[in-house]
Amino acid sequence: MRAVTAARPGGPEVLRVVDVPDPEPAPGQVVVRVAAAGVNFIDTYRRSGTYRMPFPHVVGSEGAGRVVALGAGVTTATVGDRVAWASAPGSCAELVAVAADDLIAVPDAVDDRTAAALPLQGLTAHYLTTSTFPLGPGHDVLLHAAAGGVGLLLTQLAAARGARVVATVGSAAKEELARAAGAAEVVRYRELDDLTTQLPERVRALTGGRGVDVVYDGVGRDTFDASLAALARRGTLVLFGASSGPVPPVDLQRLNAGGSLFVTRPTLADHTATRAELDQRAGELLDAVASGALHVRVGATYPLADAAAAHRALEARSTTGKVLLLP
């Protein structure tokens, strides 16, 4: 089969499409023919060597497709099932082995590209808004990168729960997308001379001087200080990613000085740790998509051969919604 591999740590230029042996399902696994694979920031961290990985390795971890083979002991899937998954190493390929316990059943009302675009970012947006900081009417939210894959989904889910979203974006086109998703206010961060001081000032002006109840920050180093300064007393900063780089060590006295603040660094694995929780979150998301209540934007698709271009676009923050590779 053809697969996108990273031969060594480095930039997008290390990615190559090569022929590798077809995967064989281990006990408890299935093999899926991939219809579409998601491209995520975690793929770039692994490719660059920021996250420790063996090299060479087939990149990607998310996708959707049809089951073509079953490993020993698998009773929850059958050949021909349409499935999606958030975490299966080597997903940017024509075939991938996936643990049966990690499969999400895809209903007929949801197409393959939407199904591939939803698991990692959709499940993340779901747990952030329902578990990490359960949103409700009256909550003010600051959301960075609101026109990205997580951002557009999180904005919709937050607005549906009655929260008021203040979104940051990088352009007028991205502002339009954020507002269409339900953002009440939008700040274009590139128009600010000093993000760390001016963004909190803008946020407080929009919230009667109090700040927001929660900041959802997937950017990291570039936005962390502004995020902390934008919080209301006893507010919560949810750091769920680091697209601009990791946040340096933090003096915890800053939380005291800022008004008894909270900071948390959640992960998807801890919010889908049981089959019941995965089914509940995925089921709610897929039902919302099927009913039209939740829109999943696929902003760009690339063939496997252009995986490097997909990584470059993601890292340049020139994308909106989800980026997919199509085998």
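Numbers here are sequence positions counted from 1.
Glu284 and His126 are linked by a side-chain donor-acceptor pair at a separation below 3.5 angstrom, with hydrogens and angles left out of the test. Looking at Ser91 and Trp85, their side chains do bring a donor and an acceptor atom within 3.5 Å of each other.
Taking 4.5 Å as the limit, every side-chain heavy atom of Leu255 sits out of range of all side-chain heavy atoms of Ser260. A 4.5 Å side-chain heavy-atom check between Leu326 and Pro303 finds every atom pair outside the cut-off. Leu143 has its side chain within reach of Leu154: a pair of non-hydrogen atoms, C-beta onward, lies under 4.5 Å apart.
Taking the six-membered ring where the residue is Trp, the centroids of Tyr189 and His144 are separated by 6.0 Å or more.
Classification of Asp102 and Arg275 as a salt-bridged pair fails, no side-chain N sitting under 4.0 Å from a carboxylate O. At a threshold of 4.0 Å, the pair Glu315-Arg47 counts as salt-bridged, since one of the basic side-chain nitrogens sits closer than that to a carboxylate oxygen. One finds no salt bridge joining Arg202 and Glu191 here, because no Lys/Arg side-chain nitrogen approaches an Asp/Glu carboxylate oxygen to under 4.0 Å. Look at Glu175 and Arg188 and you find a salt bridge, because one of the NZ, NE, NH1 or NH2 atoms lies within 4.0 Å of a carboxylate O, short of that distance. Ion pairing between Arg317 and Asp222 holds under the 4.0 Å rule for side-chain N and carboxylate O.
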Q) What do the steps show when you test Val141 against Asp213 for side-chain contact (heavy atoms from CB on, under 4.5 Å), and what is the final call? A) CA-CA 6 Å; Val141 174; Asp213 300 288; over 6 Å; no
**Q.** Chi angles and distances behind the side-chain contact (heavy atoms from CB on, under 4.5 Å) call for Leu199, Val187
**A.** CA-CA 8 Å; Leu199 179 59; Val187 178; 4.0 Å; yes
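Heavy-atom neighbours of Arg234 CZ from other residues, nucleotides or ligands within 6.0 Å: at or below the threshold of 12. At most 12 heavy atoms of other shown residues, nucleotides or ligands fall within 6.0 angstrom of atom CD in Glu24. The 12-atom threshold is exceeded at CG of Asp251, counting heavy atoms of other residues, nucleotides or ligands nearer than 6.0 Å. The neighbour count for Arg210 CZ, taken as heavy atoms of other residues, nucleotides or ligands under 6.0 Å away, is above 12. The number of heavy-atom neighbours closer than 6.0 Å to CZ of Arg164, taken from other residues, nucleotides and ligands shown, is above 12.
Leu195 contributes atom CG, which lies 13.5 Å from atom CZ of Phe224 (distance to the nearest 0.5 angstrom).
Hydrophobic clustering places Val150 together with Val296 (ILVMFWY residues linked when any side-chain heavy atoms are closer than 4.5 Å, directly or through intermediates). No continuous path of ILVMFWY side-chain contacts below 4.5 Å connects Phe240 to Leu228, so the two sit in separate hydrophobic clusters.
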